[in-house]
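Have a look at the structure below, then the notes.
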Amino acid sequence: MTNSNYDIVIGLEIHAELNTKTKVFCGCQNKFGQEPNSNCCPVCVGMPGALPVLNKEALKLAIKAGLACDCKINDYAVFERKNYFYPDLSKAYQISQLVKPICIGGFIELESGKKIRLNRIHLEEDAGKLTHQLNDTHIDYNRGGVPLIECVTEPDISSADEALEFLQKLRNRFIFADIAHCKMEQGGMRCDVNLSIKPKGSTVFGTRTEMKNLNSFKSVAHAIEYEAKRQIEEIEKGNKIIQETRKWDDDSGISSSMRSKEDSQDYRYFPDPDLLTIEVEPSVVESIRSNMPLLQEQRIQIYSEEYNLPTSDINILVNSKLVSDYFDNAVKLLNEPKEIANWIITELLKQDVSEKMPISEQKFTQIINLSLTKKITRSNAKILLENIIQTNADVMETAKQLEMLGDISKEDIESIVINLISENEKAVADYEKTPDKVVQFFIGNVMKQTKGRANAAMARDIIIAKLQNK
Ligand code: ADP
Ligand code: MG
Ligand code: ZN
């Protein structure tokens, strides 16, 4: 990257808010975008005497995160108090895990085959949110006590590109396994970057800095490039790197020293006397494992190997969990993956699908099936789909109302075909030479005369029978 005489060494610490209904140690809602300080109680703001009770759902999601990253799940885990004062933490300690985290080890493999090892994933609580304004700072404690997992990597990452690929893969696993929504713009996923440099090929690590406040993948990449360059310049000038925490400023594109780096001793961690040791039953881990939704990589494999979908379609489908889940559900209802993928990509993704799909899987596959079985024409099926998306009405009722269903009798089609044959001598004469074209011509005319209500497969059979008898 910046200078080929140096290796860059990066370790990431990623925080993700878990998809639970309530907070990790109290009954308050875990919900973004509420009126500030409307969603707090004595437990999550740390009033004296209030007692935390562990939310089992949060523990399950932390275990699930470990399983999604091939971690070992410890058979017990201990909550500890991490003591520090900051206005967003009214208790003056954060409940976290240090010596006995819930998950240890694990890895994520990059496309290159390189494995980025995880050191641990532990469960903790989020702090409140400070908003700095011109002359004052506002505090919202709604986020305090929201369940968080912290994933810590080993210092295995060597570039901004590798960091981004790792983050993208981690994020996709959490999203596809319903562990965390990871919306970075809502602070649902946050990342600290630890970075050092060393002479190329050296086995001795340099002194690292830690950068905080990285709110998007773009700022992670930007901050890595900036910090690597800064450290190399310092070393080249003969200066030493100071171990410190630095704050990244997205607007100016520079980082600045925030405080000298503290280590775990500074936090006076000790086991939280209010919380019991977590005992993890192997049967609980097994049940979480067996109910694990398919991860993005597994879906890509099925779509490619079982359904033979083209890579371009696969990429579109797995780009969103919502779309991918919808596709999977639709295929369960109607075993026509290629057809369903086409209809989703060409018809449904025209709509805004950021929050939800515009039509239920049942109605969607019902319409596709009407088209596949030639009960309605393909173009009518598209019109029907648009209509149901607007009205959410019953599919068969609407098809009937729009006079799309093939309710024209065999006899009616026969008499239309007889008429057409007598009126189109030239087409009949061309049948020997270009049979497909001529049959298509007659089908088109039958459809025109019946306003698309004839069963096209039936019309085809009748047309061919009549033409061959000529
Ligand atoms: P602390 O307890 O001080 O936070 P950790 O050992 O937990 O330190 O490491 C925090 C992060 O820093 C980890 O992601 C780790 O991989 C990374 N890290 C440790 N040493 C270095 C280094 N020399 N250069 C870059 N990253 C490092
Ligand atoms: Mg740490
Ligand atoms: Zn609360």
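Atoms within each ligand, like the ligands themselves, are counted from 1 in listed order. Along the sequence shown, residues carry numbers from 1.
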From Q265, R208, Q243, E154 - option closest to atom 6 (O) of ligand 1 by heavy atom: R208
Shortest reach to atom 17 (C) of ligand 1 by a heavy atom, considering only N194, V9, D156: N194
Give the atoms of ligand 1, by number and element, whose distance to some non-hydrogen atom of [X] is under 4.0 Å.
{"X": "P155", "answer": "16 (O), 26 (N), 27 (C)"}
{"X": "V152", "answer": "13 (C), 14 (O)"}
{"X": "G11", "answer": "14 (O), 16 (O), 17 (C), 26 (N)"}

Residues forming a side-chain contact (heavy atoms from CB on, under 4.5 Å) with Q351, sequence neighbours excluded: P358, I389
Ring geometry between Y267 and Y269 (parallel below 30°, tilted from 30 to 60°, perpendicular above 60°): perpendicular
Residue part near ligand 1, for N119, under 4.0 Å between non-hydrogen atoms: neither
Side-chain donor-acceptor contacts of residues 127-135 below 3.5 Å, not counting sequence neighbours, with atom names and distances?
| residue | atom | partner | partner atom | Å |
| --- | --- | --- | --- | --- |
| H132 | ND1 | T137 | OG1 | 3.1 |
| Q133 | OE1 | H138 | NE2 | 3.3 |

Min N/O separation G206 to ligand 1 under 3.5 Å: yes
Residue pair D161 / S159, side-chain donor-acceptor N/O under 3.5 Å: no
Cationic tip of R81 above Y93 ring, under 6.0 Å, 45° of axis: yes
Carboxylate-amine/guanidinium contact E225 K229, below 4.0 Å: no
N-O pairing of R246 and E210 below 4.0 Å: no
Atoms named by residue and atom, protein N, O or S, within reach of the Zn ion (ligand 3) (under 2.8 Å): C26 SG, C28 SG, C41 SG, C44 SG
NZ/K60: more than 12 non-hydrogen atoms of other groups inside 6.0 Å: no
Residues 170-178, side-chain donor-acceptor partners within the protein, below 3.5 Å, at least two apart:
| residue | atom | partner | partner atom | Å |
| --- | --- | --- | --- | --- |
| R171 | NE | C182 | O | 3.1 |
| R171 | NH2 | C182 | O | 3.3 |
| N172 | ND2 | Q168 | O | 3.3 |
| N172 | ND2 | Q296 | OE1 | 2.9 |
| R173 | NH1 | A68 | O | 3.0 |
| R173 | NH2 | E297 | OE2 | 3.2 |
| D178 | OD1 | K321 | NZ | 3.4 |

